[in-house]
Protein chains: 2
Amino acid sequence: MYTQSDNNHSGSRNLGRLIMQLRRLERQPHSFGTAGPLTPSEIHTVEAIGFEGGVLMSELAGRLGITKGAVTQLIARLEAKELVTRSPHPNDSRAIVISLTETGREANAAHEEVHRRFYDQLRSQLSEQEIEIFERCIEKLNVFLQQ
Amino acid sequence: MYTQSDNNHSGSRNLGRLIMQLRRLERQPHSFGTAGPLTPSEIHTVEAIGFEGGVLMSELAGRLGITKGAVTQLIARLEAKELVTRSPHPNDSRAIVISLTETGREANAAHEEVHRRFYDQLRSQLSEQEIEIFERCIEKLNVFLQQ
DNA sequence: GCATTTAGTATAGTTCCTAAACTTAATGGT
DNA sequence: ACCATTAAGTTTAGGAACTATACTAAATGC
(Lines give C-alpha, C1' and ligand atoms only; values in the text may rest on other atoms or scores of the structure.)
Protein backbone atom coordinates (compact mmCIF):
# COMPACT_ATOMS: atom_id res chain seq x y z
CA MET A 1 0.00 0.00 0.00
CA TYR A 2 1.43 3.32 -1.13
CA THR A 3 0.85 6.62 0.58
CA GLN A 4 0.25 9.74 -1.48
CA SER A 5 3.71 10.97 -0.57
CA ASP A 6 5.44 7.70 -1.47
CA ASN A 7 3.85 7.73 -4.89
CA ASN A 8 4.89 11.28 -5.32
CA HIS A 9 8.53 10.62 -4.57
CA SER A 10 8.90 7.53 -6.72
CA GLY A 11 7.17 9.27 -9.63
CA SER A 12 9.42 12.27 -9.30
CA ARG A 13 12.46 10.00 -9.11
CA ASN A 14 11.47 8.17 -12.27
CA LEU A 15 11.05 11.46 -14.08
CA GLY A 16 14.51 12.46 -12.84
CA ARG A 17 15.96 9.21 -14.12
CA LEU A 18 14.31 9.79 -17.50
CA ILE A 19 15.92 13.22 -17.73
CA MET A 20 19.31 11.70 -16.86
CA GLN A 21 18.89 9.12 -19.64
CA LEU A 22 17.88 11.78 -22.13
CA ARG A 23 20.93 13.87 -21.17
CA ARG A 24 23.10 10.85 -21.91
CA LEU A 25 21.40 10.20 -25.25
CA GLU A 26 21.64 13.86 -26.24
CA ARG A 27 25.43 13.66 -26.21
CA GLN A 28 26.04 10.84 -28.66
CA PRO A 29 26.17 11.36 -32.43
CA HIS A 30 24.24 8.93 -34.66
CA SER A 31 24.11 8.21 -38.36
CA PHE A 32 20.91 8.82 -40.28
CA GLY A 33 20.49 7.85 -43.92
CA THR A 34 23.52 8.26 -46.16
CA ALA A 35 24.87 11.24 -44.20
CA GLY A 36 27.76 10.62 -41.84
CA PRO A 37 27.36 10.77 -38.06
CA LEU A 38 25.29 13.75 -36.92
CA THR A 39 25.36 15.32 -33.47
CA PRO A 40 22.01 15.66 -31.67
CA SER A 41 21.95 19.41 -32.34
CA GLU A 42 22.60 18.82 -36.01
CA ILE A 43 19.78 16.30 -36.48
CA HIS A 44 17.43 18.47 -34.43
CA THR A 45 18.20 21.35 -36.76
CA VAL A 46 17.49 19.16 -39.77
CA GLU A 47 14.24 18.16 -38.09
CA ALA A 48 13.33 21.81 -37.46
CA ILE A 49 13.91 22.71 -41.12
CA GLY A 50 11.66 19.87 -42.27
CA PHE A 51 10.91 18.40 -45.67
CA GLU A 52 9.20 21.49 -47.07
CA GLY A 53 12.20 23.67 -46.16
CA GLY A 54 12.07 27.37 -46.95
CA VAL A 55 12.87 28.41 -43.37
CA LEU A 56 14.60 31.64 -42.38
CA MET A 57 17.54 31.67 -39.96
CA SER A 58 15.65 33.63 -37.32
CA GLU A 59 12.61 31.36 -37.66
CA LEU A 60 14.92 28.40 -37.06
CA ALA A 61 16.35 30.08 -33.96
CA GLY A 62 12.81 30.43 -32.63
CA ARG A 63 11.90 26.82 -33.35
CA LEU A 64 15.05 25.49 -31.70
CA GLY A 65 14.98 27.92 -28.78
CA ILE A 66 18.54 29.13 -29.40
CA THR A 67 20.10 32.41 -30.53
CA LYS A 68 20.59 33.48 -34.14
CA GLY A 69 24.34 33.25 -33.67
CA ALA A 70 24.08 29.60 -32.71
CA VAL A 71 21.97 28.93 -35.81
CA THR A 72 24.58 30.59 -38.04
CA GLN A 73 27.19 28.16 -36.67
CA LEU A 74 24.96 25.10 -36.96
CA ILE A 75 23.90 25.89 -40.52
CA ALA A 76 27.53 26.46 -41.51
CA ARG A 77 28.37 22.95 -40.30
CA LEU A 78 25.34 21.42 -41.98
CA GLU A 79 26.14 23.23 -45.22
CA ALA A 80 29.70 21.88 -45.10
CA LYS A 81 28.22 18.38 -44.65
CA GLU A 82 25.92 19.13 -47.61
CA LEU A 83 22.70 18.52 -45.70
CA VAL A 84 21.25 22.01 -46.21
CA THR A 85 21.40 24.79 -48.79
CA ARG A 86 21.24 28.55 -48.32
CA SER A 87 19.40 30.58 -50.95
CA PRO A 88 18.47 34.26 -51.10
CA HIS A 89 14.98 35.35 -50.13
CA PRO A 90 12.99 36.56 -53.17
CA ASN A 91 11.66 39.75 -51.54
CA ASP A 92 13.99 40.47 -48.64
CA SER A 93 17.65 40.60 -49.58
CA ARG A 94 18.72 40.46 -45.92
CA ALA A 95 17.04 37.13 -45.41
CA ILE A 96 18.34 33.65 -46.24
CA VAL A 97 16.14 30.70 -47.04
CA ILE A 98 17.29 27.35 -45.66
CA SER A 99 16.25 24.05 -47.24
CA LEU A 100 17.30 20.43 -46.97
CA THR A 101 19.31 18.79 -49.74
CA GLU A 102 18.40 15.30 -50.92
CA THR A 103 20.86 13.91 -48.33
CA GLY A 104 19.28 16.14 -45.69
CA ARG A 105 15.80 14.86 -46.52
CA GLU A 106 17.10 11.29 -46.31
CA ALA A 107 18.60 11.97 -42.90
CA ASN A 108 15.35 13.57 -41.76
CA ALA A 109 13.32 10.59 -42.97
CA ALA A 110 15.67 8.14 -41.27
CA HIS A 111 15.46 10.11 -38.04
CA GLU A 112 11.66 10.23 -38.17
CA GLU A 113 11.63 6.50 -38.78
CA VAL A 114 13.68 5.94 -35.61
CA HIS A 115 11.22 8.06 -33.65
CA ARG A 116 8.25 6.30 -35.18
CA ARG A 117 9.66 2.86 -34.37
CA PHE A 118 10.46 3.90 -30.82
CA TYR A 119 6.97 5.21 -30.35
CA ASP A 120 5.41 2.09 -31.93
CA GLN A 121 7.41 -0.05 -29.52
CA LEU A 122 5.95 1.91 -26.62
CA ARG A 123 2.44 1.75 -28.06
CA SER A 124 2.68 -2.00 -28.55
CA GLN A 125 2.93 -2.41 -24.79
CA LEU A 126 0.01 -0.15 -23.96
CA SER A 127 -3.74 -0.25 -24.43
CA GLU A 128 -5.60 2.35 -26.52
CA GLN A 129 -6.77 4.05 -23.36
CA GLU A 130 -3.30 4.13 -21.82
CA ILE A 131 -1.83 5.68 -24.93
CA GLU A 132 -4.50 8.35 -24.91
CA ILE A 133 -3.81 9.21 -21.28
CA PHE A 134 -0.06 9.17 -21.77
CA GLU A 135 -0.29 11.58 -24.69
CA ARG A 136 -2.51 13.88 -22.70
CA CYS A 137 0.09 13.89 -19.91
CA ILE A 138 2.86 14.73 -22.39
CA GLU A 139 0.77 17.64 -23.66
CA LYS A 140 0.27 18.92 -20.12
CA LEU A 141 3.99 18.68 -19.48
CA ASN A 142 4.61 20.68 -22.63
CA VAL A 143 2.24 23.39 -21.44
CA PHE A 144 3.93 23.52 -18.01
CA LEU A 145 7.38 23.77 -19.54
CA GLN A 146 6.33 26.44 -22.02
CA GLN A 147 6.65 29.27 -19.52
CA MET B 1 -11.85 10.72 -36.02
CA TYR B 2 -8.19 9.79 -35.86
CA THR B 3 -6.54 6.96 -37.73
CA GLN B 4 -3.93 4.85 -35.99
CA SER B 5 -1.23 6.51 -38.05
CA ASP B 6 -2.43 10.03 -37.25
CA ASN B 7 -2.34 9.31 -33.56
CA ASN B 8 1.08 7.90 -33.92
CA HIS B 9 2.49 10.96 -35.61
CA SER B 10 0.99 13.51 -33.27
CA GLY B 11 2.17 11.52 -30.25
CA SER B 12 5.65 11.26 -31.64
CA ARG B 13 5.65 14.98 -32.43
CA ASN B 14 4.60 15.87 -28.89
CA LEU B 15 7.39 13.73 -27.51
CA GLY B 16 9.80 15.53 -29.83
CA ARG B 17 8.56 18.88 -28.62
CA LEU B 18 9.02 17.75 -25.01
CA ILE B 19 12.62 16.83 -25.73
CA MET B 20 13.18 20.23 -27.35
CA GLN B 21 11.81 21.97 -24.26
CA LEU B 22 13.98 19.85 -21.96
CA ARG B 23 17.05 20.69 -24.06
CA ARG B 24 16.25 24.36 -23.58
CA LEU B 25 15.76 23.97 -19.83
CA GLU B 26 18.95 21.96 -19.48
CA ARG B 27 21.01 24.96 -20.59
CA GLN B 28 19.96 27.58 -18.05
CA PRO B 29 21.59 27.87 -14.62
CA HIS B 30 19.31 28.25 -11.57
CA SER B 31 19.80 29.12 -7.94
CA PHE B 32 19.02 26.56 -5.26
CA GLY B 33 19.12 27.36 -1.55
CA THR B 34 21.85 29.70 -0.38
CA ALA B 35 24.28 28.59 -3.07
CA GLY B 36 24.76 30.87 -6.07
CA PRO B 37 23.52 29.94 -9.54
CA LEU B 38 24.26 26.32 -10.44
CA THR B 39 24.48 24.90 -13.95
CA PRO B 40 22.27 21.89 -14.75
CA SER B 41 25.28 19.56 -14.62
CA GLU B 42 26.29 20.93 -11.25
CA ILE B 43 22.89 20.45 -9.64
CA HIS B 44 22.57 16.99 -11.20
CA THR B 45 25.90 16.09 -9.64
CA VAL B 46 24.72 17.35 -6.25
CA GLU B 47 21.57 15.26 -6.75
CA ALA B 48 23.63 12.19 -7.61
CA ILE B 49 25.75 12.54 -4.47
CA GLY B 50 22.64 12.79 -2.29
CA PHE B 51 22.12 13.62 1.36
CA GLU B 52 23.89 10.56 2.73
CA GLY B 53 27.00 11.32 0.67
CA GLY B 54 29.97 8.98 0.91
CA VAL B 55 30.15 8.44 -2.85
CA LEU B 56 33.31 7.58 -4.77
CA MET B 57 34.31 9.48 -7.91
CA SER B 58 33.93 6.44 -10.15
CA GLU B 59 30.56 5.61 -8.61
CA LEU B 60 29.46 9.15 -9.42
CA ALA B 61 30.63 8.75 -13.01
CA GLY B 62 28.48 5.65 -13.26
CA ARG B 63 25.42 7.33 -11.80
CA LEU B 64 25.73 10.35 -14.08
CA GLY B 65 26.67 8.37 -17.17
CA ILE B 66 29.82 10.40 -17.81
CA THR B 67 33.56 9.66 -17.69
CA LYS B 68 35.74 9.86 -14.58
CA GLY B 69 37.59 12.81 -16.09
CA ALA B 70 34.36 14.77 -16.39
CA VAL B 71 33.57 14.03 -12.74
CA THR B 72 36.99 15.28 -11.65
CA GLN B 73 36.26 18.60 -13.34
CA LEU B 74 32.73 18.89 -11.99
CA ILE B 75 33.77 18.08 -8.42
CA ALA B 76 36.60 20.61 -8.64
CA ARG B 77 34.06 23.31 -9.51
CA LEU B 78 31.63 22.20 -6.80
CA GLU B 79 34.44 22.10 -4.24
CA ALA B 80 35.41 25.66 -5.19
CA LYS B 81 31.78 26.68 -4.67
CA GLU B 82 31.89 24.86 -1.32
CA LEU B 83 29.00 22.52 -2.11
CA VAL B 84 30.98 19.29 -1.69
CA THR B 85 33.95 17.98 0.28
CA ARG B 86 36.58 15.41 -0.64
CA SER B 87 37.85 13.09 2.04
CA PRO B 88 40.18 10.07 1.89
CA HIS B 89 38.71 6.58 1.83
CA PRO B 90 39.42 4.71 5.10
CA ASN B 91 40.61 1.47 3.47
CA ASP B 92 41.60 2.38 -0.06
CA SER B 93 44.07 5.23 -0.31
CA ARG B 94 43.46 5.65 -4.05
CA ALA B 95 39.79 6.38 -3.49
CA ILE B 96 38.16 9.68 -2.56
CA VAL B 97 34.88 9.99 -0.69
CA ILE B 98 32.59 12.81 -1.84
CA SER B 99 29.96 14.32 0.46
CA LEU B 100 27.72 17.37 0.41
CA THR B 101 28.46 20.32 2.67
CA GLU B 102 25.63 22.01 4.55
CA THR B 103 25.23 24.41 1.59
CA GLY B 104 25.23 21.42 -0.75
CA ARG B 105 22.48 19.71 1.23
CA GLU B 106 20.45 22.93 1.17
CA ALA B 107 20.83 23.17 -2.60
CA ASN B 108 19.81 19.53 -2.95
CA ALA B 109 16.74 20.03 -0.77
CA ALA B 110 15.73 23.15 -2.71
CA HIS B 111 16.15 21.29 -5.99
CA GLU B 112 14.07 18.36 -4.76
CA GLU B 113 11.42 20.80 -3.65
CA VAL B 114 11.24 22.28 -7.15
CA HIS B 115 10.81 18.78 -8.59
CA ARG B 116 8.21 17.88 -6.00
CA ARG B 117 6.20 21.03 -6.70
CA PHE B 118 6.36 20.51 -10.42
CA TYR B 119 5.19 16.96 -10.02
CA ASP B 120 2.42 18.01 -7.62
CA GLN B 121 1.22 20.55 -10.17
CA LEU B 122 0.98 17.80 -12.77
CA ARG B 123 -0.76 15.44 -10.35
CA SER B 124 -3.31 18.09 -9.42
CA GLN B 125 -4.59 18.05 -12.98
CA LEU B 126 -4.84 14.28 -13.26
CA SER B 127 -6.94 11.56 -11.70
CA GLU B 128 -5.44 8.79 -9.54
CA GLN B 129 -5.78 6.38 -12.45
CA GLU B 130 -4.18 8.73 -14.94
CA ILE B 131 -1.21 9.29 -12.66
CA GLU B 132 -0.74 5.57 -12.27
CA ILE B 133 -0.78 5.03 -16.03
CA PHE B 134 1.53 7.96 -16.66
CA GLU B 135 4.08 6.66 -14.19
CA ARG B 136 3.93 3.22 -15.74
CA CYS B 137 4.64 4.80 -19.12
CA ILE B 138 7.62 6.70 -17.73
CA GLU B 139 8.98 3.45 -16.32
CA LYS B 140 8.61 1.74 -19.68
CA LEU B 141 10.41 4.61 -21.37
CA ASN B 142 13.23 4.26 -18.85
CA VAL B 143 13.53 0.55 -19.65
CA PHE B 144 13.61 1.27 -23.41
CA LEU B 145 16.27 3.94 -23.03
CA GLN B 146 18.41 1.80 -20.75
CA GLN B 147 20.04 -0.09 -23.63
C1' DG C 1 15.42 61.24 -45.19
C1' DC C 2 16.80 59.65 -41.14
C1' DA C 3 16.11 56.78 -37.01
C1' DT C 4 14.80 52.37 -35.90
C1' DT C 5 14.06 47.72 -36.46
C1' DT C 6 15.19 43.27 -38.42
C1' DA C 7 18.25 39.50 -40.67
C1' DG C 8 22.21 37.57 -40.34
C1' DT C 9 27.40 37.20 -39.18
C1' DA C 10 31.67 37.27 -36.40
C1' DT C 11 34.13 36.61 -32.40
C1' DA C 12 35.40 35.72 -27.75
C1' DG C 13 34.30 33.16 -23.89
C1' DT C 14 31.80 29.41 -21.05
C1' DT C 15 30.13 24.88 -20.07
C1' DC C 16 30.42 20.27 -20.47
C1' DC C 17 31.86 16.70 -22.20
C1' DT C 18 35.48 12.76 -24.43
C1' DA C 19 39.82 10.46 -25.38
C1' DA C 20 44.19 9.39 -24.20
C1' DA C 21 48.08 9.42 -21.44
C1' DC C 22 49.40 9.52 -17.15
C1' DT C 23 50.23 8.54 -11.46
C1' DT C 24 49.44 5.94 -7.64
C1' DA C 25 47.60 2.25 -5.10
C1' DA C 26 45.51 -2.39 -4.69
C1' DT C 27 45.33 -7.24 -6.14
C1' DG C 28 46.36 -11.72 -7.75
C1' DG C 29 49.16 -15.21 -9.12
C1' DT C 30 53.59 -17.63 -8.95
C1' DA D 1 58.47 -11.19 -2.18
C1' DC D 2 57.95 -9.76 -7.02
C1' DC D 3 55.73 -8.33 -10.98
C1' DA D 4 51.86 -7.86 -14.14
C1' DT D 5 47.40 -6.34 -14.10
C1' DT D 6 43.59 -3.83 -12.69
C1' DA D 7 41.35 0.10 -10.58
C1' DA D 8 40.92 5.11 -8.80
C1' DG D 9 41.64 9.45 -9.99
C1' DT D 10 43.98 13.42 -12.54
C1' DT D 11 45.55 16.04 -16.43
C1' DT D 12 45.40 17.93 -20.88
C1' DA D 13 43.99 18.88 -25.46
C1' DG D 14 40.19 19.36 -28.12
C1' DG D 15 35.37 19.45 -29.81
C1' DA D 16 30.41 20.55 -29.46
C1' DA D 17 27.10 23.75 -28.37
C1' DC D 18 25.96 27.30 -26.63
C1' DT D 19 25.61 32.85 -25.06
C1' DA D 20 26.62 37.69 -25.26
C1' DT D 21 28.13 41.40 -27.61
C1' DA D 22 29.15 44.03 -31.32
C1' DC D 23 28.85 44.42 -35.83
C1' DT D 24 26.98 45.03 -41.24
C1' DA D 25 23.45 45.64 -44.31
C1' DA D 26 18.82 45.90 -45.72
C1' DA D 27 13.95 47.08 -44.73
C1' DT D 28 10.48 49.96 -42.47
C1' DG D 29 8.15 53.82 -40.49
C1' DC D 30 7.26 58.10 -39.43
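Order of the sequence lines fixes the chain letters, A, B, ..., with proteins taken first and strands second; residue numbering starts at 1 for each chain.
- Classified by interplanar angle (parallel below 30°, tilted 30° to 60°, perpendicular above 60°), the ring pair B:F134/B:Y119 is tilted.
- The shortest heavy-atom contact between B:G33 and B:A110 is N-CB, 3.4 Å.
- Heavy atoms of A:A95 sit under 4.0 angstrom from primed sugar atoms or phosphate atoms, though from no base atom.
- Residue contacts shown for A:T72 include a base, since a base heavy atom lies under 4.0 Å away.
- The terminal axes of the helix from C:dG1-D:dC30 to C:dT30-D:dA1, fitted over 5 pairs per end, subtend an angle of 20° to the nearest 10°.
- Comparing B:A70 and A:A70 against DNA chain D, the residue whose closest nucleotide sits nearer the 5' end is B:A70.
- The aromatic rings of B:F118 and A:F144 stand perpendicular to each other, their planes meeting at an angle above 60°, with 30° marking the opposite boundary.
- For the pair A:V97 and A:R23, nearest-nucleotide mapping onto DNA chain C gives the more 5' position to A:V97.
- In terms of polar N and O atoms assigned as donor or acceptor, the side chain of B:Q73 never comes within less than 3.5 Å of the base of C:dC16 in a complementary pairing.
- Contact annotation for B:T67: base contact, defined as any heavy-atom pair under 4.0 Å involving a base atom.
- Toward the 5' end of DNA chain C, the nearer of the two residues B:R94 and A:R27, judged by each one's closest nucleotide, is A:R27.
- Closest heavy-atom contact between A:I138 and B:L18: CD1-CD2, 3.9 Å.
- DNA chain D is contacted by both A:E26 and A:S93; A:E26 maps to the nucleotide lying nearer its 5′ end (nearest heavy atom per residue).
- Among B:I66, B:L78, B:L38, the one residue that satisfies the side-chain contact (heavy atoms from CB on, under 4.5 Å) test with B:T45 is B:L78.
- The shortest side-chain heavy-atom distance between B:E26 and A:E26 does not fall under the 4.5 Å cut-off.
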Show me the protein contacts with nucleotides 2-4 of chain D, counting only N or O atoms at under 3.5 Å.
none

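- Atoms CD and OG1, from A:Q28 and A:T39 in turn, are 12.5 Å apart once rounded to the nearest 0.5 Å.
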